[in-house]
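Structure first, commentary second.
Just so you know, ligand 1 is whichever comes first in the structure, and atom 1 is the first atom listed for that ligand.
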Amino acid sequence: MKVLVVGSGGREHAIIWKLLQNKKIEKIYCAPGNAGIGQLAELVPIGAMEIDKLVDFAKSNSIDLTVIGMDDPLVAGVVDAFEAAGLRVFGPRKNAAIIEGSKAYSKELMKKYNIPTAGYETFDNYDAALEYVKKGDFPVVLKADGLALGKGVLICNDLAEAEAGLKTIMVDKKFGDSGNKVVIEEFLTGPEVSILSFCDGKTVVPMVSAQDHKRAYDNDQGLNTGGMGTFSPSRVYTDEIAKVCMETIFKPTVDGLNKEGRTFKGIIFFGLMLTQKGPKVIEYNARFGDPETQVVLPRLKTDLLDIFEACVDGTLDKLNIEWYDNAAACVILASGGYPESYTKGYEINGLDEAAKAENIYVFHAGTALKDGKFVTNGGRVLGVTGWGDTLDKAIETAYNGVKLVDFKDAHYRKDIGIKKY
Ligand code: AMP
Ligand code: GLY
């Protein structure tokens, strides 16, 4: 069997690493991938948004299944294009990926089907939005409607900040057309948990819980990033809360999407906040999380290819998905300066050593090969994952892994998994 994975981050590295545990896969390709992925898969020099080229490649190379890792091509309709060409593909169609592509749509869906989320209003006019924040409470949350590389959410503590924020999104168009509309939301508090789930259009199967650390520096200081580290399981996401989420959030989301004619097959990532008034949805993503995937997939016992096939075929209810009773932690090694400007091209040392270490795997996010050596090639460079019987052991193992690898100006958080909640 031949598989193509589309994307280039640590998430896609983890997906490919897990898929290769299936012996039916004789060849795996990744477009465009990164240098670390290149050790496991054949890299295809086609960008994730070059949809026609991806379709042509899948056809001419008789790819049996294509797995889309990234959000942009999903929102742009890559799955529809593959299906139109008669190709098998894992991921939601454009009309379902809209739960990530438009925050205004996702809020409408939640309102219509009584799915708990923060109170909100949507505006496409700057003056009306400004009038609204003038009347409201602070802090207030502003969200650009469309995709914004995880940077389109602004938490504003007073009117001056809110006015500046609305200007940034709607007038200066910092996030381009994503800022044509803005969602203005009530500010919620509580621990945040990431629940990724497999979905075949009818059945939704949540994966083990994870928590992300979004801020750049220790103790949640500094700017928001794509994610500086994760751990699984969450200490606060109890079985009881999981049951509540299934009944009030997961099933109603999948059923609601069906009723809207937007059947969802693929991964729904529920970004949840556990508030005093119960779990609420902060955001939906239509794909695996990054770096959540790097801690969730190492804990998966069931074959990942079998699960993807069941999602495509609509037979998830027939599969018993099992997990190891262990824990995992992932520490991101970022380029100094990330998420703002940083230098690329520094040599990465210690990868061979780390590859020999037990219960550790180094997933590559932004790496390239230069003269046969691995060099930094992005903001997030590596995700060092460790696993063990307990969360404490997993965290210790991940940090032992971090000690093995290095590059100039490498930056990482020292407090991954040490959250009080
Ligand atoms: P998002 O891109 O929607 O995940 O938002 C980025 C981050 O902003 C989230 O991880 C939260 O920490 C924060 N956030 C988003 N919405 C709210 C909200 N309504 N109340 C408080 N914090 C929020
Ligand atoms: N780690 C958060 C995300 O993948 O959106």
Under 6.0 Å from the ring centre and within 45 degrees of the ring axis: does the NZ or CZ of Arg262 meet both conditions for the six-membered ring of Tyr105? yes
Measure from every N or O atom of ligand 1 to the protein's N or O atoms and keep only the pairs below 3.5 Å, writing each with atom names and distance to 0.1 Å.
from     : atom 1 : to     : atom 2 : distance (Å)
ligand 1 : 3 (O)  : Lys103 : NZ     : 3.4
ligand 1 : 4 (O)  : Glu283 : OE1    : 3.2
ligand 1 : 4 (O)  : Glu283 : OE2    : 2.9
ligand 1 : 10 (O) : Glu192 : OE1    : 2.6
ligand 1 : 10 (O) : Lys214 : NZ     : 3.0
ligand 1 : 12 (O) : Glu192 : OE1    : 3.4
ligand 1 : 12 (O) : Glu192 : OE2    : 2.4
ligand 1 : 16 (N) : Lys143 : NZ     : 3.0
ligand 1 : 19 (N) : Glu185 : OE1    : 2.7
ligand 1 : 19 (N) : Glu186 : O      : 2.9
ligand 1 : 20 (N) : Leu188 : N      : 2.8

Taking the six-membered ring for Trp, are Tyr132 and Phe123 closer than 6.0 Å centroid to centroid? yes
One thing to verify: whether Asp172 and Lys174 come together as a salt bridge, which I'm taking to mean a side-chain N less than 4.0 angstrom from a carboxylate O. no
Whether Lys135 and Glu131 form a salt bridge (side-chain N of Lys/Arg under 4.0 Å from carboxylate O of Asp/Glu) is what I want to check. no
Sidechain N-carboxylate O distance under 4.0 Å for Asp71, Arg287: yes
Is it the case that more than 12 heavy atoms not belonging to Lys112 sit under 6.0 Å from its NZ atom? no
Regarding Lys134 and Glu163, does a basic nitrogen lie under 4.0 Å from an acidic carboxylate oxygen? no
Which word best sums up how the rings of Trp17 and Tyr361 line up, parallel for under 30°, tilted for 30 to 60°, or perpendicular for over 60°? tilted
Who's touching ligand 2 if we go heavy atoms under 4.0 Å? Asp212, Gly226, Phe269, Asn285, Arg287, Gly289, Asp290, Pro291, Glu292
Asp290 side chain vs Arg11 backbone, donor-acceptor pair below 3.5 Å: yes
